[in-house]
Amino acid sequence: MDKLTIEGGSKLSGRVRVSGAKNAALPLMAASILADGPVTLRNLPRLGDLRTMGLLLGHMGGRVDPFWEGEGDGHAAILDMGALSLPEAPHEMVKTMRASALVLGPLLARHGRAQVSLPGGCAIGVRPIDMHLKALREMGAGFDLSGGDIVAKAPKGGLKGASLRFDTVTVTGTENIMMAAVLAKGRTVIANAAREPEVTDTGRALVAMGAAIEGLGTDVITVEGRDSLSGCEHSVMADRIEAGTLMAAAVTSGGDVTLEGAPLGALDAVREKFAEAGALISEGRDGSLRVSAPGGRLKPTDVTTLPHPGFPTDMQAQFMAMMTLADGASIVTETIFENRFMHVSELRRLGADISLEGRSAVVKGVPGLSGAPLTASDLRASASLLVAALAAKGKSELFRVYHLDRGYDRLDEKLNRLGASIVRGKG
Ligand code: EPZ
């Protein structure tokens, strides 16, 4: 198991390119199941969850190449699911990646059946998929639960379009239903749909495959079912959460960093909160985004996570790390997941002053942090600890780095190119 040893105190500086978005690439890979021909995806990040999704599609009998062969710098894959013969996502694969549930809608739409291990919870919450199943049921799907697997069947004539409404916003729920609807009979309306940019990116690829989708980016998405979809070529949007994470590392370290290829239109809420905290942000003529720390300490800034276009929950931990050094108290409120403060106890080990009150954390800024051994618990918590360790005096060790590698494309290497001192070793 890898660990990262971080020597804190360097101010990050320089230019870094933002990778493709994990949370767009995952549904896009699942969407390839729907196509009659090969789907080429470009700008794919090289990270654990996509390798898992590639292995899952291969397990089903699809072909995914050459992305996961060799250690090249490949960022493209050709996904051909024409030979898919086993519409199932077994437990040993789903347990490492909940997003495997994203194959449910496409398998039902294209093959009329699916057997998917019911995703377990994870560190940040129970994370059920009841809303996915309820919506698919309204489209005619039937489900049995056997041995922890969901055994799903579409009606004889295929899924039927339906008028649906999600009780609360669900990102992969919206993606799953959108993918089920593109081959259903008739029209599907999804009300209270997720507006996340990654949902829109997935929808755009489906349209390129021949799907008829209206309302992408709004809370009502309408899909007219088609008989079949062709393959397509699609470049995955840039990762707004990796961009935000790099911004947090730059500002917390007191540095000055320029991001290349950041998804400028998808970062409004993050940029507003960074500016409120005193960070200096400017757009370059080449579409780059320059982010630097203010002269003095950051200003304490309250933040509440919300569905897009609100402040993203996937940036909550990283923003909290930044606020541990602000000149005053900030209130960080998490409204999306019930247990997404696992990073708090680890940040305290660096000297942060944080108290929890229900769904809020009160972060009292301290003049400085000092290095300590740290244990990652989930993907964004590990990013948060890395951000804080970079700014802490002295040495920190971050254990269970596989959490980080699931969701970031060699983040430690990117940070070292900006002047960080991070050594990867066995821990
Ligand atoms: C997606 O997860 C992202 N993952 C998450 O990113 C992200 O944090 C989350 O959306 C919120 O933005 C991918 O896109 C692969 P939800 P998802 O369904 O779709 C509850 C990361 O760090 N809910 O929008 O699973 C759920 O428990 C990951 O990259 C139900 O109760 O999130 C949660 O409290 C972490 N029943 C809330 O809704 C359901 O059927 C929002 O979940 C579905 C969800």
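In listed order, ligands and their atoms are each counted from 1.
Applying the side chain to side chain donor-acceptor pair (under 3.5 Å) rule to Glu276 yields the partners Lys273; only residues at least two apart in sequence or on another chain are considered. Residues passing the side-chain contact (heavy atoms from CB on, under 4.5 Å) test with Ala154 are Leu108, Leu159, sequence neighbours excluded.
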Donor-acceptor pairs under 3.5 angstrom involving side-chain atoms of residues 30-42: please list them, not counting sequence neighbours.
{"from": "Ser32", "atom 1": "OG", "to": "Met29", "atom 2": "O", "distance (Å)": "2.6"}
{"from": "Asp36", "atom 1": "OD1", "to": "Arg110", "atom 2": "NH2", "distance (Å)": "3.0"}
{"from": "Arg42", "atom 1": "NH2", "to": "Glu233", "atom 2": "OE1", "distance (Å)": "2.6"}

Between ligand 1 and the protein, tabulate every N or O atom pair separated by less than 3.5 Å, reporting distance only.
{"from": "ligand 1", "atom 1": "2 (O)", "to": "Arg127", "atom 2": "NH2", "distance (Å)": "3.3"}
{"from": "ligand 1", "atom 1": "6 (O)", "to": "Asn23", "atom 2": "ND2", "distance (Å)": "3.2"}
{"from": "ligand 1", "atom 1": "6 (O)", "to": "Asp314", "atom 2": "OD2", "distance (Å)": "3.0"}
{"from": "ligand 1", "atom 1": "8 (O)", "to": "Asp314", "atom 2": "OD1", "distance (Å)": "2.6"}
{"from": "ligand 1", "atom 1": "8 (O)", "to": "Asp314", "atom 2": "OD2", "distance (Å)": "3.4"}
{"from": "ligand 1", "atom 1": "8 (O)", "to": "Arg340", "atom 2": "NH1", "distance (Å)": "3.4"}
{"from": "ligand 1", "atom 1": "18 (O)", "to": "Thr170", "atom 2": "OG1", "distance (Å)": "2.7"}
{"from": "ligand 1", "atom 1": "19 (O)", "to": "Thr172", "atom 2": "N", "distance (Å)": "2.8"}
{"from": "ligand 1", "atom 1": "19 (O)", "to": "Thr172", "atom 2": "OG1", "distance (Å)": "2.6"}
{"from": "ligand 1", "atom 1": "22 (O)", "to": "Arg340", "atom 2": "NH2", "distance (Å)": "3.3"}
{"from": "ligand 1", "atom 1": "22 (O)", "to": "Arg380", "atom 2": "NE", "distance (Å)": "2.9"}
{"from": "ligand 1", "atom 1": "24 (O)", "to": "Val171", "atom 2": "N", "distance (Å)": "2.8"}
{"from": "ligand 1", "atom 1": "25 (O)", "to": "Arg127", "atom 2": "NH2", "distance (Å)": "3.1"}
{"from": "ligand 1", "atom 1": "29 (O)", "to": "Lys22", "atom 2": "NZ", "distance (Å)": "2.9"}
{"from": "ligand 1", "atom 1": "29 (O)", "to": "Asn23", "atom 2": "ND2", "distance (Å)": "3.0"}
{"from": "ligand 1", "atom 1": "29 (O)", "to": "Arg380", "atom 2": "NH2", "distance (Å)": "2.8"}
{"from": "ligand 1", "atom 1": "34 (O)", "to": "Ile336", "atom 2": "O", "distance (Å)": "2.6"}
{"from": "ligand 1", "atom 1": "36 (N)", "to": "Pro128", "atom 2": "O", "distance (Å)": "3.4"}
{"from": "ligand 1", "atom 1": "36 (N)", "to": "Asp130", "atom 2": "OD1", "distance (Å)": "2.7"}
{"from": "ligand 1", "atom 1": "40 (O)", "to": "Pro128", "atom 2": "O", "distance (Å)": "3.4"}
{"from": "ligand 1", "atom 1": "40 (O)", "to": "Asp130", "atom 2": "N", "distance (Å)": "3.1"}
{"from": "ligand 1", "atom 1": "40 (O)", "to": "Asp130", "atom 2": "OD1", "distance (Å)": "3.3"}
{"from": "ligand 1", "atom 1": "40 (O)", "to": "Met131", "atom 2": "N", "distance (Å)": "2.7"}

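In this structure, Arg380 forms a cation-pi arrangement with Tyr408, its terminal cationic atom sitting closer than 6.0 Å to the ring centre and no more than 45° off the ring axis.
Under 3.5 Å, the side chains of Thr333 and Ser360 contain a donor-acceptor pair of N or O atoms.
Note: Asp144 CG to Asp149 CG = 11.5 Å, rounded to the nearest 0.5 Å.
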